[in-house]
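Contents: one structure, followed by commentary.
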Amino acid sequence: MKKLLIICFAALATAAIFTSCKESKGKVLDPLAKISIRAAANAQGVASKAAYLSPVEVVRLTADIVMVSPHFPDEPWVNLGISDEQKDLTTPKIMLWGMWVIHENKLTLEFLESKDMILVTREGMKGNGKITDTLAYIPNAQLRAAEKSIKDAYTAGNYDEVYRLFDQAYQFTPINGKDWLALKAKGEN
């Protein structure tokens, strides 16, 4: 009986040591965390001045976020379909699932390293309908700044900052397709 108690105690002590070591490594990234794409602070003014859609209308009508990713060299554009459950019309913002940037506690780079990110609408708002217009864009300079900040915070193990950046760093500006293509041609997108 004494031997059984000693074995049980040893097993519990070993489990406690492993658990405390695991906990001392800090938090892990949550793939279910949300990434917010919010309206830029000046979005309402830009929309009013140039007769673009308001930030609420942009969120309501967005069917996809389309981007160029260096991780998909055979695909000219990568589409992220946006469901109604991912839209917050009060804030207004679009919420992406964390799995787009976090997988097995590591950053995935397909989203982080993308460029030319635009919010679009489709015929009938269906994922297979024809893209009918560009509603907004996230400037490339902003994407690069967010990428650097998120990678730096991740490397430092500062997951609270990673989550804060996911929630604050991505901001869209209303525009239409013609004007976005003009910005792109000038390298100002």
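Since we're looking at a predicted model, the values are computed, not measured.
- The CD atom of Gln86 sits 9.5 Å away from the CD1 atom of Ile37 when rounded to the nearest 0.5 Å.
- Using a cutoff of 4.0 Å between basic side-chain nitrogens and carboxylate oxygens, Arg164 and Asp160 are not scored as salt-bridged.
- Among all heavy-atom pairs drawn from Val78 and Ser69, the shortest one is CG2-CB, 4.0 Å.
- Using a 4.5 Å heavy-atom cutoff, the side chains of Thr91 and Arg38 are in contact.
- Just one residue in the list Thr132, Thr62, Asp64, Asp133 forms a side-chain hydrogen bond (donor to acceptor under 3.5 Å, both in side chains) with Arg122, and that residue is Asp64.
- Ala40 and Gln171 get closest at one heavy-atom pair: CA-OE1, 3.6 Å.
- Note on residues 174-187: pairs passing side-chain hydrogen bond (donor to acceptor under 3.5 Å, both in side chains), not counting sequence neighbours, are Tyr52-Asp179, Asp116-Lys184.
- Side-chain atoms of Met95 and Asp88, non-hydrogen and from C-beta on, do get closer than 4.5 Å to each other.
- Listed here is the closest heavy atom pair of Ile150 and Val162: O-CG2, 4.0 Å.
- Taking the six-membered ring where the residue is Trp, the centroids of Tyr159 and Phe166 are separated by 6.0 Å or more.
- The side-chain heavy atoms of Trp97 and Lys34, taken from C-beta on, include a pair separated by under 4.5 Å.
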Working for side chain to side chain contact (heavy atoms under 4.5 Å, CB included), residues Ile65 and Leu96:
CA-CA 10 Å; Ile65 297 176; Leu96 299 180; 3.9 Å; yes
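- Contact record, Ser54 with Ala47: CA-CB, 4.0 Å, taken as the closest heavy-atom pair.
- Ile138 contributes atom CD1, which lies 6.0 Å from atom CG of Leu119 (distance to the nearest 0.5 angstrom).
- Expressed to the nearest 0.5 Å, how far CG of Leu89 lies from CD of Glu57 amounts to 10.5 Å.
- Ala153 approaches Leu165 most closely through the heavy-atom pair CB-CD1, 4.4 Å.
- In this structure the side chain of Leu135 never reaches within 4.5 angstrom of the side chain of Val120, judged on heavy atoms.
- Interatomic distance, Leu80 CG to Glu110 CD, rounded to the nearest 0.5 Å: 10.5 Å.
- Gln168 is not listed as a side-chain neighbour of Ser36, based on a closest heavy-atom distance of 4.5 Å or more.
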Residue pair Glu161, Tyr154: steps toward the side chain to side chain contact (heavy atoms under 4.5 Å, CB included) verdict:
CA-CA 8 Å; Glu161 179 65 1; Tyr154 174 79; over 6 Å; no
With side chain to side chain contact (heavy atoms under 4.5 Å, CB included) as the criterion, how do Lys87 and Ile82 come out once you've worked through the C-alpha distance, each side chain's angles and the decisive distance to 0.1 Å?
CA-CA 8 Å; Lys87 299 175 183 183; Ile82 303 300; 3.8 Å; yes
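- Counting heavy atoms from C-beta outward, Met67 and Lys115 have side chains that stay 4.5 Å or more apart.
- Note that CG of Leu183 is 4.5 Å distant from CD1 of Ile175, once rounded to the nearest 0.5 Å.
- Looking at Lys151 and Glu113, a side-chain N of the basic residue comes within less than 4.0 Å of a carboxylate O on the acidic one, giving a salt bridge.
- To the nearest 0.5 Å, atom OG1 of residue Thr134 and atom CD1 of residue Ile118 are 4.0 Å apart.
- Contact of the His71 side chain with the Leu109 side chain is registered, since non-hydrogen atoms from C-beta on lie closer than 4.5 Å.
- Side chains of Met117 and Leu143 form a contact here, defined as non-hydrogen atoms less than 4.5 Å apart.
- The ring pair (Phe, Tyr, Trp, His ring centres under 6.0 Å) search around Phe172 returns none, not counting sequence neighbours.
- When all heavy atoms of Val68 and Pro76 are compared, the pair lying nearest together is CG2-O, 3.5 Å.
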